[in-house]
Structures are given as structure tokens and as C-alpha cells.
There are 2 protein chains.
Amino acid sequence: MRIGELAARAGVSVRSLRYYEEQGLLTSTRSAGGQRHYTQDDVERVAFIQRLYAAGLSSRTIIELLPCLDSPSDENSDAAMERMAKERDRLSAHIEDLLRTRDALDVLMVAAQAHRDARQTAA
Amino acid sequence: MRIGELAARAGVSVRSLRYYEEQGLLTSTRSAGGQRHYTQDDVERVAFIQRLYAAGLSSRTIIELLPCLDSPSDENSDAAMERMAKERDRLSAHIEDLLRTRDALDVLMVAAQAHRDARQTAA
DNA sequence: CTAAAACCTGACATCAATGTGAGAGGCAAG
DNA sequence: CTTGCCTCTCACATTGATGTCAGGTTTTAG
């Protein structure tokens, strides 16, 4: 498929796909005319990349992890493993932080609701 | 306390504190010479702001929530409540996403570990 | 064959929070 | 008063992913 279709299927902009390639996160075969062609697998790959972006990883970090996804029989596994463990920890910490933040929001909301109820009762 | 001390206590840069004020997230009293003075409460406030930033809220969004923190007996409660509910939902969804991402990372790590073990056994 | 639609490269724009530097002034200790 | 540190404002730079525009080429539909 061409870049437009991949963009549509993966829910990403065409611009982003070209950027991913520029960053080395995604590769493509080229037609005689120079247009990028992708396979079905790339849809999943892009989705995974997006997931890692959403998790706060940078292109640079993602690129260190991808070899592990591409060729699990690589020597890079050692370095990648270390990196993944590190990012996993960071992610866990971030999740914990978000949970605490959500709790804090809940507290605020309960307080606001209580105020609203009080006003309602008074009215 | 002056801005430098608040920055140190809250673990934020002086620049950021001035930015928060510029965005209306933080207020200060000024000395005769124009220097900002803060109270102990501001340390907590800055920590809370940081927490919301980490949760992906923008200054604009935070500013809509803060009135609710400042004066829980405000008319703004209605709008703020709505906003908080919305952000809470977004936050929950984001947390779910991060959990799935962490699971995906775990899967990758298990695969990598399996490969490493296989290599170890072979050697 | 031709026109429309999709694609190409390259460059500049954007956003938000923060860094950084200049030049000037405040404030406390000696 | 002076020295040194902190602070002030203003303004421009940075980062990273993405938007957008321009000018040109490829592909596809009719």
C-alpha cells in the first residue's frame, strides 16, 4: 500500500510517517517512480511506535528498542534489554504518578460536589 | 520567601515560576523593590501544578481548574466540575493506554529474555 | 492521452514549557 | 558605601513532533 493508505489505516498523518522514516523508525520500499510502499505489518509497527510515543519515549529511545522487535536474534538484545528495563521502570513510575494525580483530582471533585450539594440543600 | 527559595523547595526552575505567574497559575506579593514574595502554601501549589503538568494538562486547562482549588465556594465550580470530570476521563484513558504499553514492553522483554536464555543454553 | 489525485523533497511555521543572556536594580553583610 | 548575590524585565533560542506550503513528478481513472 502507499503512504496515504497506511496513514489512514494507522490513524497517523502522512507527514508523521515520513518523519518516522527520517528518524529510522520505519522503512519502506520504493516504486520505480520513487513512491513509498508498505506492507500490512507496517500498520502494526506504526501503531506500536505511536504507543511508545504516547508513553513518552522519544524517537531516539524508540530507535534503540526497535532492533529488538525487528530481529529478536540480534546481539543488540543486551543493550536493548537494558534500555527496555529502564523505560519500563520510568513508565511504571509515571503511571504511579498519574494515579496519584487522578486521586488528587477525585478529592477536588468530591469537595466541589459537596459544595454544590450544600448549595442545593440551602436553595 | 523569595523566588529562589521557592524554586529550590518545589524543585522547579526560577524561570518556570515566573512563567506560571505569567500564565495566571501562581500569584505573588511584591516587595517595595518589586521582588516576588511567596508563602509556604505556594510550595504545595507549585507541586500540584507540576503534577497536573505531568498529567498532560496545559496551562490553559490548569487555569480552569485552579479556581476550584482556590475558592471552593465559587460559582465557577460548575464549569470547573465539568472540566475536571473531562480531564479525569482523559487521564484514566491515558493510564489505561500506558498500562497496555507497559504490557507490550513486558512481552518484548520476555521474548528478548527467552532469546538470551536460548543463546546461553546453546553456549 | 489527459486530468485529477496522490506522492515526492525541502523548507519554514507551530506550540508549550523552559533555557539563556543582557542590562539594570534590590538587598544584606562587611 | 561597596561587594556579591539575588532578582527584575525583555527577548530570543531550544526541543520534538507535526502542520503547511511550494513546485514538481508519479500514478490512476476516465
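Chain A is the first sequence line, chain B the second, and so forth, proteins listed ahead of strands; every chain is numbered from 1. Values below: every heavy atom of this structure, side chains too, minus hydrogens, waters and symmetry copies. All values derive from a computational prediction rather than experimental measurement.
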Starting the side chain at C-beta, find the nucleotide from D:dC8, D:dG16, D:dA11 nearest to B:Arg15. D:dA11
A:Gln35 CD to D:dG24 P: how many Å, rounded? 18 Å
How about A:Tyr53 and A:Ser59: does a side-chain donor come under 3.5 Å of a side-chain acceptor? yes
Under a criterion of less than 4.0 angstrom to any heavy atom of chain B, what are the 5'-terminal and 3'-terminal contacting nucleotides of DNA chain C? C:dA16 to C:dC27
Hey, is CZ on A:Arg30 packed in by over 12 heavy atoms from elsewhere, all under 6.0 Å? yes
More than 12 heavy atoms from other groups under 6.0 Å of CD on B:Glu44: no
Over how many whole Å does the gap from A:Ile3 atom CD1 to D:dT25 atom C1' extend? 15 Å
When all nucleic acid strands are considered with a 4.0 Å heavy-atom cut-off, which category describes B:Arg30: base, sugar-phosphate, or nothing? sugar-phosphate
Could you check B:Arg36, B:Arg9, B:His37 and say which one makes a side chain to side chain contact (heavy atoms under 4.5 Å, CB included) with B:Met1? B:Arg9
Return the CZ to CG distance between A:Arg45 and A:Leu69, rounded to the nearest 0.5 Å. 6.0 Å
CE of A:Met1 versus P of D:dT27: gap in Å, rounded? 17 Å
Using atom OH of A:Tyr20 as one end and atom P of D:dA17 as the other, report the distance to the nearest whole Å. 9 Å
Grab the CZ-P distance between B:Arg18 and D:dC8 for me, whole Å please. 5 Å
Report the distance from atom OH of B:Tyr19 to atom P of D:dT9, rounded to the nearest whole Å. 16 Å
If you take any heavy atom closer than 4.0 Å to DNA chain C, which residues from residues 43-58 of chain A end up in contact? none
Verify side chain to side chain contact (heavy atoms under 4.5 Å, CB included) between B:Leu65 and B:Leu57, making sure each step is shown before the conclusion. CA-CA 10 Å; B:Leu65 267 46; B:Leu57 307 214; 3.9 Å; yes
At what distance, to the nearest 0.5 angstrom, does CG of A:Leu66 lie from CD1 of A:Ile49? 5.5 Å
Find which nucleotide of DNA chain D each of B:Val14 and A:Ser31 is nearest to by heavy atoms, and output the residue with the more 5' nucleotide. B:Val14
Could you check A:Gly33 against A:Ser16 and say which one's nearest nucleotide on DNA chain D is further toward the 5' end? A:Ser16
Atom-to-atom span, CD of A:Glu5 to P of D:dT28 - whole angstrom: 11 Å
Evaluate salt bridge (charged side-chain N to carboxylate O under 4.0 Å, His left out) for B:Arg2 paired with B:Glu5, printing each intermediate quantity in order. CA-CA 6 Å; B:Arg2 287 190 292 170; B:Glu5 190 174 347; over 6 Å; no
CD/B:Glu82: more than 12 non-hydrogen atoms of other groups inside 6.0 Å: no
Please state how far atom NE2 in A:His37 lies from atom P in D:dT26, giving the value in whole angstrom units. 13 Å
